Amino acid sequence: MASQMKIKAKIKGDVTEVKALMTHPMENGMGKNKETGEVIPAHFIQNVTAKVGANTVLTGIWSGGVSKNPYLAFRFTGAAKGDKVEITWTDNKGTTETEVAEIE
Amino acid sequence: MIDAKRRILLKGSLAAGAVGMAIGAGLLTPRLVLAAWPEAAFNAQNVDDALKGLLGSAAHEPSDKIDLKAPDIAENGAVVPVTVETTLEGASSITLVAAGNMMPLIASFELGKGALPFISTRIKMGKTANLIALVKAGDKVYSASREVKVTVGGC
């Protein structure tokens, strides 16, 4: 599956700011289908990892309390223009998605 | 020497056996074992239990060095923008908790090498409640909290 994640990474001085937008329903397992009344099973991202080269700059563990189509911004130092930021998420069904963006 | 090796071997096989049994019994899926997602903390239904499950203790000390940005009034509880930043030295993790949610623990971030203690995201809030940001720095956990009034709950 082609990644639907969007990443923007911009460096200013020594600080790189990354903004990522993921595509995911983030169902927390408490919602109901309005027509059938059936509970919508939990389906949400549990783990997020951001790497620059071999260095892991950030790892996140999430619940279904993160909003649908999650937005995440974070900052780090020690990178340069042209370096690649790689973000990977894994959800509770084992689906995983990775996207890479070059620091501008 | 031989005996020591034997001990290690025995321990290793016992541990592997226990995990294998847990997987076999459906208690743990291999995915969860690898991913280290603290299920008990995330399923906890109050803030203290969630923090105990995640950080080992529910203790935290309020700090004015944590800047927690969130709207005073969130019209749509399904999308509440939150930004946490801190000037605390040696911050190693940032955790977000919505005290009024059925399952309060929202997210936790480990800051790796080079990461600045800054996180911005969007969360769901079920009702008007305190939003708490916790920052681990050294062996201590510091916190900042603010009330967010939720017009329409988003859980």
Side-chain angles (χ1 to χ4, degrees), chain A residues 11-22 24-32 42 44-80 83 85 88-96, chain B residues 29-32 34-39 41-45 50 53-54 69 74 76-85 92-126 129 131 153-155:
Chain A
I11 190 162
K12 243 189 217 170
D14 190 35
V15 177
T16 303
E17 180 166 277
V18 178
K19 292 177 180 173
L21 202 54
M22 305 160 209
H24 202 281
M26 297 303 286
E27 288 291 348
N28 60 13
M30 291 184 275
K32 280 183 183 169
F44 57 91
I45 294 172
Q46 289 187 316
N47 294 80
V48 181
T49 305
K51 283 184 180 177
V52 181
N55 179 34
T56 299
V57 283
L58 188 79
T59 57
I61 43 174
W62 290 2
S63 75
V66 173
S67 301
K68 179 181 171 180
N69 297 333
Y71 168 79
L72 175 66
F74 55 94
R75 295 173 182 163
F76 56 87
T77 58
D83 285 355
V85 179
T88 300
W89 59 251
T90 307
D91 70 19
N92 65 320
K93 294 183 178 179
T95 305
T96 182
Chain B
T29 66
R31 191 171 68 244
L32 287 181
L34 291 173
W37 190 79
E39 195 167 355
F42 278 113
N43 287 340
Q45 297 188 0
L54 182 73
K69 284 195 187 82
N76 180 5
V79 186
V80 182
V82 180
T83 300
V84 183
E85 200 170 1
S92 60
S93 79
I94 295 175
T95 300
L96 288 171
V97 171
N101 283 16
M102 205 133 86
M103 291 183 273
L105 180 56
I106 304 283
S108 187
F109 299 90
E110 290 284 329
L111 304 169
K113 192 176 148 230
L116 298 177
F118 166 91
I119 287 291
S120 184
T121 186
R122 300 194 287 234
I123 68 163
K124 300 175 196 169
M125 289 184 75
L131 176 66
C155 277

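All values derive from a computational prediction rather than experimental measurement. Numbered from 1 within each chain, the chains take letters A, B, ... in sequence-line order.
In this structure, chain B has a heavy atom under 4.5 Å from the backbone of A/Lys68, while its side chain stays farther away. With a 4.5 Å cut-off on non-hydrogen atoms, B/Leu111 touches chain A through its backbone and its side chain both. With a threshold of 4.5 angstrom between heavy atoms, B/Met125 does not approach chain A through any atom at all. Looking at A/Val15, only its side chain comes within 4.5 Å of chain B, counting heavy atoms on both sides. Looking at A/Leu21, only its side chain comes within 4.5 Å of chain B, counting heavy atoms on both sides. B/Phe42 touches chain A through its side chain: at least one heavy atom from C-beta onward sits under 4.5 Å away, while N, CA, C and O do not. Looking at B/Leu54, the atoms closer than 4.5 Å to chain A (heavy atoms on both sides) all sit in the side chain, from C-beta outward. Contact annotation for B/Val80: only backbone heavy atoms (N, CA, C, O) come within less than 4.5 Å of a heavy atom of chain A.
Residues A/Gly64 and B/Lys124 share a closest heavy-atom pair of O-NZ, 2.8 Å. Contact detail for B/Ala78 and A/Ser67: the closest heavy-atom pair is O-OG, 2.7 Å. Between B/Phe109 and A/Gly60, the closest heavy-atom pair is CD2-CA, 3.8 Å. Here the shortest heavy-atom pairing between B/Ala36 and A/Asn47 reads O-ND2, 4.5 Å. Minimum heavy-atom separation, A/Val66 to B/Ala107: CG2-CB, 4.2 Å.
At most 12 heavy atoms of other shown residues, nucleotides or ligands fall within 6.0 angstrom of atom CE in B/Met102.
With chain B as partner, the option from A/Thr59, A/Asn69, A/Thr16, A/Asn28 having the largest number of non-hydrogen pairs under 4.5 angstrom is A/Thr59.
In this structure, B/Lys113 NZ and A/Leu58 CG are separated by 15.0 Å, a value rounded to the nearest 0.5 Å. Remark: B/Leu116 CG to A/Phe76 CZ distance equals 9.0 Å, nearest 0.5 Å. One distance of note links CH2 of A/Trp62 with CG of B/Leu96; it measures 11.0 Å at 0.5 Å rounding.
Here the side chains of A/Asn92 and B/Trp37 are not in contact, with every heavy-atom distance at 4.5 Å or above.
Panel note: side chain B/Ser120, backbone A/Ala73; no donor-acceptor pair is recorded below 3.5 Å.
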